[in-house]
Amino acid sequence: MNQLQVLLFASYAEAFGASTVTVAVPESATVADVVGALRRLPGGHILPAVPLVAVDRRYTPGLVAVHSGQEIALIPPVAGG
Amino acid sequence: MNQLQVLLFASYAEAFGASTVTVAVPESATVADVVGALRRLPGGHILPAVPLVAVDRRYTPGLVAVHSGQEIALIPPVAGG
Amino acid sequence: MIRTSISEAAIDAAALLAEVTTDATGATALFLGTVRELNDGRAVTGIEYSAYTTMATEELQRIAEEAALRFDGLRIAVEHRVGTLALRDISVAIAVAHARRAPVLETSRFIIEALKQRVPIWKRERYTDGDLRWVDPTTQAVDTATP
Amino acid sequence: MIRTSISEAAIDAAALLAEVTTDATGATALFLGTVRELNDGRAVTGIEYSAYTTMATEELQRIAEEAALRFDGLRIAVEHRVGTLALRDISVAIAVAHARRAPVLETSRFIIEALKQRVPIWKRERYTDGDLRWVDPTTQAVDTATP
């Protein structure tokens, strides 16, 4: 298993009560697996069906594999402008 | 016959050598008749097939009748902005 | 709110922004036309703008009123300058504000396109060699007498 | 020329206009987002903007670079402010200049639409009754704990 840190912001940070959480996922885990692990944490019920995830500061689809050392972030619906 | 004053601007004023010209047209004349009379004046050869005409400061099509007392102007291709 | 003018006065872009923006607006768009140094590959030193002033004033106001019919709550200020302008001088400024951005962006574009088609304003470019030329957007530039 | 930034500094709209306008540009567009007093019918006293700053900075720059690929000779300056903003404060300014107006108008719109879809910035509105609410453009506003 890999221990991965995930950055949280805005309404998600509030829901999880933290700006970073750690999830344990298999070595071969994908973005979608990370989201699944987050969903099982307290506060995870607020996540939409397919939340946005950024890996190394780029939006990344669910099928892409993730590795320790990457910067993983869960992105709430953006509201800039 | 009516004597009608026509206002000229920019390249048209330059071509006719005046900022106002007077044309004589029948009582029942239209905008197109005024343009025809202008075309026969010195400088009138530079007019396009259907030049823009304003009557009382509104663009007015060729079939509309004109009367003395109206403000008639020949409008070169506009280039504002 | 609509204000339009044709004037020889220099245009103050910041003043137009302040004029249309209020506590109720969330988006403001400003379009500026400025005198640029090259046209059709010739070096321009300035532009003389002239107008059929009474009609241009009325036509510009009509355009702004038509634009205002398309969305409730628009705030519109438009100024077009006439006279002799130098490089970088602002020839036209269109400021539009509204609660939302879509009406602002669409109105700004509507006004500049209509202005360029309908408002009786003409410009004569002055080139570095002293030549003058009336600008005719419908064809190529029309030669005129050199002064 | 492209310059983008995410910053807590107040946005100077006139400075952005001056930055993109040159002797070679003939059209400049400025888009401003400002804090407005009403959203969904509730009276707003201010907005707290926050960002995933490193990614927001990169994503905003990527958007400007994508925009610049569409026309030669564009000049683009974009600033988005974060922190606590009051009524009428400018949250975002997009300044674009080019020789011609069409690239300017299209680029300005491209950037604001892409920014709103992609840049990881969030806002929490503060209402006159002290309530706070995260703004979620994908649905209705999401209730959050009152502080």
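Every chain is numbered from 1, with letters handed out A, B, ... down the list of sequences.
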request  = Locate the shortest heavy-atom distance separating C:R88 from D:D23; write the atom from each residue and the value.
outcome  = NE-OD1, 2.8 Å

message = Within the 4.5 Å heavy-atom criterion, are D:R109 and C:R109 side-chain neighbours or not?
response = no

ask   = Is it the side chain or the backbone of D:L17 that comes within 4.5 Å of chain C heavy atoms, both, or neither?
value = side chain

inquiry  = Report which part of D:A102 has an atom under 4.5 Å of a heavy atom belonging to chain C: side chain, backbone, both, or neither.
reply    = both

inquiry  = I need the residue from D:L38, D:V35, D:T22 with the largest number of non-hydrogen atom pairs under 4.5 Å to chain C.
reply    = D:T22

message = Below 4.5 Å, heavy-atom pairs only: which of D:A24, D:A13, D:A14, D:A29 has the largest tally toward chain C?
response = D:A24

remark   = Max heavy-atom pairs within cutoff under 4.5 Å with chain C, candidates D:T25, D:V96, D:T21, goes to D:T25

task = Sort D:A97 into side chain, backbone, both or neither according to what part of it lies under 4.5 angstrom from a heavy atom of chain C.
result = neither

query = Tell me, do C:R36 and D:R100 make a side-chain contact under 4.5 Å, heavy atoms counted?
reply = yes

key: Heavy-atom side-chain contact between C:L30 and D:L32 under 4.5 Å   = no

Beyond-backbone contact of D:F31 with C:L105, side-chain heavy atoms, under 4.5 angstrom = yes

